[in-house]
Engineer: 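Sharing a structure here in structure tokens format.
Sequence lines set the chain letters: A, B, ... in the order given, protein chains first and strands last, and positions in each chain run from 1.
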Number of protein chains: 2
Amino acid sequence: MIKLSNLADYAVELMCCIALKPESIRGSASLAEQTKIPLPTASKILGLMVKAGLLVSHRGLNGGFSLGIGADKISITDIIEAVDGPVQLTNCLGEDADDCDRISSCGTRSQWYRINEAVKDALGSVLLSQMIESVPDFIGDGMVDDLPLISKLIN
Amino acid sequence: MIKLSNLADYAVELMCCIALKPESIRGSASLAEQTKIPLPTASKILGLMVKAGLLVSHRGLNGGFSLGIGADKISITDIIEAVDGPVQLTNCLGEDADDCDRISSCGTRSQWYRINEAVKDALGSVLLSQMIESVPDFIGDGMVDDLPLISKLIN
DNA sequence: CCAGAAAAAGACCAAATTGGTCTTTTTAAG
DNA sequence: CTTAAAAAGACCAATTTGGTCTTTTTCTGG
């Protein structure tokens, strides 16, 4: 099964959570509890987000995290790549491409490049601001039993 | 780093190799040698391709594999999914979606569905016949030092 | 019909990756 | 200066992945 890593999945969720209250500074404990992500794991992810410039951290008492740039400037690709590294479907697309000992007998690299770009575009076409559009902003303050439309499509 | 599994990568290469000589039946040993993929691993992949209907196997002496359907009917998604299972970026997109204990507090599922479809389209937009178009058909019969165009783009 | 060659099937092992924990250090507020 | 919080990074465990090996089945050619 082709899937994202759990960490990438978590990261998007945490970012959504933060983007829903862009003005407030949230501590990792609060975010972890709200998203039900184990605290140390959430911390690690938040650290990666800061390193990527997607969040800014505020140290010391009452510290926490807030968006580093606007939610409409952050794409899903940005978040995923901050956690899992670049989208690079095959080994021969990276800088270590020469490690591929089949490179001289493989004519598919230019096709792989096209496919890779297409996948990157697909992931990059959704912005964080779009991810949260349909999310009621009272999430976490109380349970909402309002399943997304998608459940009707896939069942 | 977001990448395909090695098996999926191998699978595409094996399929290309077979599609280049669509009329002939090739044994797994020959294919493994040509692609420099370890024989037992190649066998396993070829078996998966047969199970998916992309290849047909011919048992017995002088047996081997040949395309099950036309190379222009096989997309990269078909090959990848035969090896790695369905493209399903997040856990909440499958039939075990209800296992997600955040489902009622997560409004992003419909967005994930969109992203997943976009990625599937990206992978599905390339056919096996296109993958081999630019490949000189004397591959494997001798070393070709004709690097694909792509090397100029990414370096 | 028999012997041999090849694929099929599946149990099994090892290494790499991933997810997660814990500890120590740094920073800032009060 | 004390305390609370983030940062950093060493470390561990579990899953997944890649790969091997063995046994069974099936077909061809003699």
Engineer: Can you identify which nucleotide, out of C:dT27, C:dA8, D:dA6, has its nearest atom closest to the A:S28 side chain?
Structural biologist: D:dA6
Engineer: Is there a donor-acceptor contact under 3.5 Å from the side chain of B:N116 to the main chain of B:T90?
Structural biologist: no
Engineer: To the side chain of B:R59, which of C:dG19, C:dA8, D:dA6 is closest?
Structural biologist: C:dA8
Engineer: Any carboxylate oxygen within less than 4.0 angstrom of a Lys/Arg side-chain nitrogen, looking at B:E117 and B:K120?
Structural biologist: yes
Engineer: Counting any heavy atom closer than 4.0 Å, what does A:S43 reach on the DNA or RNA strands: base, sugar-phosphate only, or nothing?
Structural biologist: nothing
Engineer: What is the separation between atom CG on A:N62 and atom P on C:dG30, rounded to the nearest whole Å?
Structural biologist: 6 Å
Engineer: Nearest whole Å is fine: how far is D:dA7 C1' from A:H58 NE2?
Structural biologist: 15 Å
Engineer: For A:G27, which contact category applies under a 4.0 Å heavy-atom criterion: base, sugar-phosphate, or nothing?
Structural biologist: sugar-phosphate
Engineer: If I compare all heavy atoms of B:Q88 with all of B:N91, which pair ends up nearest, and what's the gap?
Structural biologist: NE2-O, 3.9 Å
Engineer: Looking at B:I79 and B:A11, what are the two nearest heavy atoms and their distance?
Structural biologist: CG2-CB, 3.7 Å
Engineer: Find out whether A:M15 and A:M131 are in side-chain contact, i.e. whether some heavy atom of one side chain is under 4.5 Å from a heavy atom of the other.
Structural biologist: no
Engineer: Rounded to the nearest angstrom, tell me the gap between atom CD1 in B:I45 and atom P in C:dA9.
Structural biologist: 16 Å
Engineer: Measure CG/B:L31 against P/C:dA6 and give the value in whole Å, please.
Structural biologist: 13 Å
Engineer: Nearest whole angstrom, please: distance from the P of D:dT17 to the NZ of A:K3.
Structural biologist: 9 Å
Engineer: For B:K44 and C:dA11, what is the distance between atoms NZ and C1' respectively, to the nearest whole Å?
Structural biologist: 11 Å
Engineer: With a 4.0 Å cutoff (strictly under), does any side-chain N or O of A:S57 reach OP1 or OP2 of D:dA6?
Structural biologist: no
Engineer: Rounded to whole Å, how long is the line connecting atom CZ of B:F65 with atom P of C:dA6?
Structural biologist: 12 Å
Engineer: Quick one: on DNA chain C, does A:L61 or A:T41 contact a more 5' nucleotide (nearest heavy atom)?
Structural biologist: A:T41
Engineer: Heavy atoms under 4.0 Å, any strand shown: does A:L7 hit a base, just sugar-phosphate, or nothing?
Structural biologist: sugar-phosphate
Engineer: Mind checking B:P38 for me? I need base, sugar-phosphate or nothing, with any heavy atom below 4.0 Å counting as a touch.
Structural biologist: sugar-phosphate
Engineer: Measure from NZ on A:K51 to P on D:dA8 and round the result to the nearest Å.
Structural biologist: 6 Å
Engineer: Does a side-chain N or O from B:Y10 land closer than 4.0 Å to OP1 or OP2 of D:dG18, or not?
Structural biologist: no
